[in-house]
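Everything on this sheet refers to the single structure shown next.
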Amino acid sequence: MRNTELAQIFREIALYLEMQGIQFKPRAYEKVAYALEALEEPVAELYKRGGIKELRNIPGVGQAIAEKIEEIIQTGKLKYYEELKKETPVDVRGLTAIEGVGAKSVKVLYETLGVKEVSDLEQAARAGKIRGLPHFGEKMEQKILKGIEFLKQGSGRFPLGSVFPLILEIEGRLRSLPEVEAVAVAGSVRRRKETVGDADLLAISSKPGSIMDYFTSMPEVTHVYGKGMTKTMVKLKNGMDVDLRVVPGESFGAALSYFTGSKDHNVALRRIAQEKGLKLNEYGLFRGERRIAGETEEEIYRALGLLYIPPELRENQGEIEAAKKGELPDLVEYGELRGDLQIQTTWTDGANSIEEMAEEARRLGLEYIAITDHTKSLAMTGGSDEKKLLKQMEAIDKINRTLKGIRILKGAEVNINKDGTLDIKDEALKKLDVVGVAVHSHFNLSRKEMTERIIRAMRNPHADILFHPTGRVIQKREPYDVDMDAIIKTAKETGTVLEVDAYPDRLDLKDEHIRKAVEAGVKLVIDSDAHSVNHIRFLEFGVAQARRGWAKKSDVLNTRPLREFLKGLKDN
DNA sequence: GCCGTTTTCGGCCCGACTGTTTTCAGTCG
Ligand SMILES: Nc1nc2c(ncn2[C@H]2C[C@H](O)[C@@H](COP(=O)(O)OP(=O)(O)OP(=O)(O)O)O2)c(=O)[nH]1
Ligand SMILES: [Mg+2]
Ligand SMILES: [Mg+2]
Ligand SMILES: [Zn+2]
């Protein structure tokens, strides 16, 4: 069973318990659900390795829940859960997915009207049966119908890159309002999570009313969930929700900290404040009535005895402990990349020529790029064979002779065959400056076969970089089944560099794998995988993921000047 | 149900917005 499925079970248990009005226990199950989702390694593997004891190392998992996980792994079922379901046979997850419907509402709806699933609720609401219920009314009935409509449209989460420009635009509009002193993007967008559930914006002002009016009347707004003097929530045409909070200047840091999250990070900070006899909320850090910090995030962290924690790390994944000990990594910075090692051109499926890509890269401040067009077994892209590669090398030599301010490296994105051999001969690979290897076919091999296949490719002395190591495409294609620990180990052994493909729907390696690679001392590169000049700026999304993976500048080879970069590749 | 260099029992983050509310619960961030 996948971690996410396991998490769903515990989340459902939390909801059932909440329905019964039980205090705190639901939080415990919810916390575990979240922890399981954040876990990259399948829980079953973890259990195989160390049994109950290993499970209890998961934060929030104690003896009782560890035993429940064990039961699920061993039998595929959980008695406790089955009994809760039998007792109240309703689709809690579906029903509570409706905006405004929580556990308590589900209970009332089931007990009075026998509502078991969303379609029952829709019928009841249409028939006007909701309004008469205790603690429900006509408005609630309408809200439920609206909520069901939204649920059916089902927008879900958005890849960060797909909504980032719109979010920045809205941020800019708010900034230009005369009442607004400052604006900041917060939430998962500021943490640069690979997908975001909504956009969270913070504004500083002492006159929030007109800002909220402006915000709810923006042309993209299709629905207003709620509107107050400090918080307003809307839905946009594209299905994305935007939350806006407005606070006074003296609370800017506290509000930014609160609104950046993550929730777990916030809770952890607030507990530290409690232990110190303080109170932390979005308005400041307080000793009694007195605000002792709040204008900047730095001062809040300092007052809590912590180093400043960069937003990308705020996932409660060990950053608070590290900040307490003064051991936070010095993360790779935006703008520190000097090169881009994966670029496609019109020689295969790219939209721009070598020159155009080079000129744009130079304009963006890069010092070198590698041209890495696809190779022959990707027939549909017109992939290069050895002959075409040689021709392209000559073309690059010629451009390098005249082009100033940037160096073009000769490369290729070489296919890894099913058996782990490469589809370009070694004699040709030898002539290239940078060889990227990648899986583009036979995605459905067993974990063992796929792992062996990739490891064999990495053992090729010419294979410098493993491109997009897991092959996932966000919300489109699952990663192929591969043992990433083995890949990381092999990378370390062979000196093969692992890529962070910054293309917004790849982001591969992803944050958690980056962190493992960094811990193992594996070298990384961050590449745009650009297929047109507009894509080179995607590099910054890759830097963001690298930061989320705790990567330092020294972990990222293409922060180095060209000569040192080349020395970092395995055959140099 | 979990958790602990002040605790193995007694706490568990804290606040905004809405609706039906006579004093606040539910839901959400
Ligand atoms: N203290 C506290 N803060 C919360 C809680 N829920 C949310 N927040 C804060 C932290 C979140 O990052 C921020 C924005 O809430 P969101 O629901 O939009 O979450 P976030 O943006 O982190 O993730 P998302 O991608 O939108 O699902 O509000 C909570 O229960 N307690
Ligand atoms: Mg958010
Ligand atoms: Mg939000
Ligand atoms: Zn590729």
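Sequence lines set the chain letters: A, B, ... in the order given, protein chains first and strands last, and positions in each chain run from 1. Predicted, not measured: the structure shown is a model, and the values here were computed from it.
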field: Under 4.0 angstrom between Gln274(A) side-chain N/O and dC14(B) OP1 or OP2
entry: yes
message: Generate the contact string for nucleotides 17-27 of chain B. Rules: B means base contact, S means sugar-phosphate contact only, - means no protein heavy atom under 4.0 Å.
response: SSSS-----SS
message: Output the rounded distance in Å from CZ (Phe286(A)) to P (dC13(B)).
response: 18 Å
- request: If dG26(B) has a Watson-Crick or G-U wobble mate with both distances under 3.5 Å, name it; if not, just say none.
  value: dC17(B)
Ring centroid separation Phe150(A) to His223(A) under 6.0 Å: yes
- prompt: Rounded to the nearest Å, what distance is computed from the CG atom of residue Asp200(A) to the P atom of nucleotide dC28(B)?
  reply: 15 Å
- prompt: Taking the side chain from Arg175(A) and the backbone from Val183(A), do they hold a donor-acceptor pair closer than 3.5 Å?
  reply: yes
task: Measure distances between side-chain N and O atoms of Tyr258(A) and base N and O atoms of dG29(B), and say whether any donor-acceptor pair falls under 3.5 Å.
output: yes
- request: Grab the NE2-C1' distance between His265(A) and dG29(B) for me, whole Å please.
  value: 16 Å
message: Between the base of dC13(B) and the side chain of Arg271(A), is there a donor and acceptor pair under 3.5 angstrom?
response: no
query: Where the side chain of Ile65(A) is defined as all heavy atoms beyond and including C-beta, which of dC14(B), dG29(B), dC2(B) is the nearest nucleotide?
result: dC2(B)
query: So, are Arg191(A) and Glu319(A) salt-bridged, with charged N and O less than 4.0 Å apart?
result: no
Salt-bridge criterion met for Glu321(A) and Lys325(A) (N-O under 4.0 Å): no
- prompt: Any donor and acceptor pair, going by atom type alone, linking the side chain of Arg302(A) with main-chain N or O of Ala293(A) inside 3.5 Å?
  reply: no
statement: Looking only at dG1(B), dG29(B), dA16(B), the nucleotide nearest the Lys68(A) side chain is dG1(B)
task: Tell me what Arg27(A) touches on the nucleic acid: a base, only sugar-phosphate, or nothing, going by heavy atoms under 4.0 Å.
output: nothing
task: Using a 4.0 Å heavy-atom cut-off across all strands, classify Val61(A) as base, sugar-phosphate, or nothing.
output: sugar-phosphate
message: Once you apply a heavy-atom cut-off of 4.0 Å, does Lys279(A) come out as touching a base, just sugar-phosphate, or nothing?
response: sugar-phosphate
- prompt: Can you find a side chain N or O atom of Asn266(A) that sits less than 4.0 Å from OP1 or OP2 on dC13(B)?
  reply: no
- prompt: NA contact type, Leu280(A), heavy-atom cut-off 4.0 Å: base, sugar-phosphate, or nothing?
  reply: sugar-phosphate
For residues 21-28 of chain A, run the donor-acceptor check on the side chains, cut-off 3.5 Å, and write out each pair with its distance to 0.1 Å, sequence neighbours left out.
residue	atom	partner	partner atom	Å
Arg27(A)	NE	Glu30(A)	OE1	3.3
Arg27(A)	NH2	Glu18(A)	OE1	3.3
Arg27(A)	NH2	Glu30(A)	OE2	3.4

- prompt: So Leu95(A) and Leu109(A), side chain to side chain contact (heavy atoms under 4.5 Å, CB included) or not? Walk me through it.
  reply: CA-CA 10 Å; Leu95(A) 286 166; Leu109(A) 290 164; 5.7 Å; no
Salt bridge flag under 4.0 Å for residues Glu312(A) and Arg192(A): no
message: Taking the P atom in each of dT7(B) and dA16(B), what is the distance between them to the nearest angstrom?
response: 35 Å
message: Any carboxylate oxygen within less than 4.0 angstrom of a Lys/Arg side-chain nitrogen, looking at Glu41(A) and Arg49(A)?
response: yes
- prompt: Hey, does the side chain of Arg287(A) reach the backbone of Gly277(A) with a donor-acceptor pair shorter than 3.5 angstrom?
  reply: no
Contact pattern, 5' to 3', of nucleotides 5-10 of chain B - B, S or - by protein heavy atom under 4.0 Å: ------
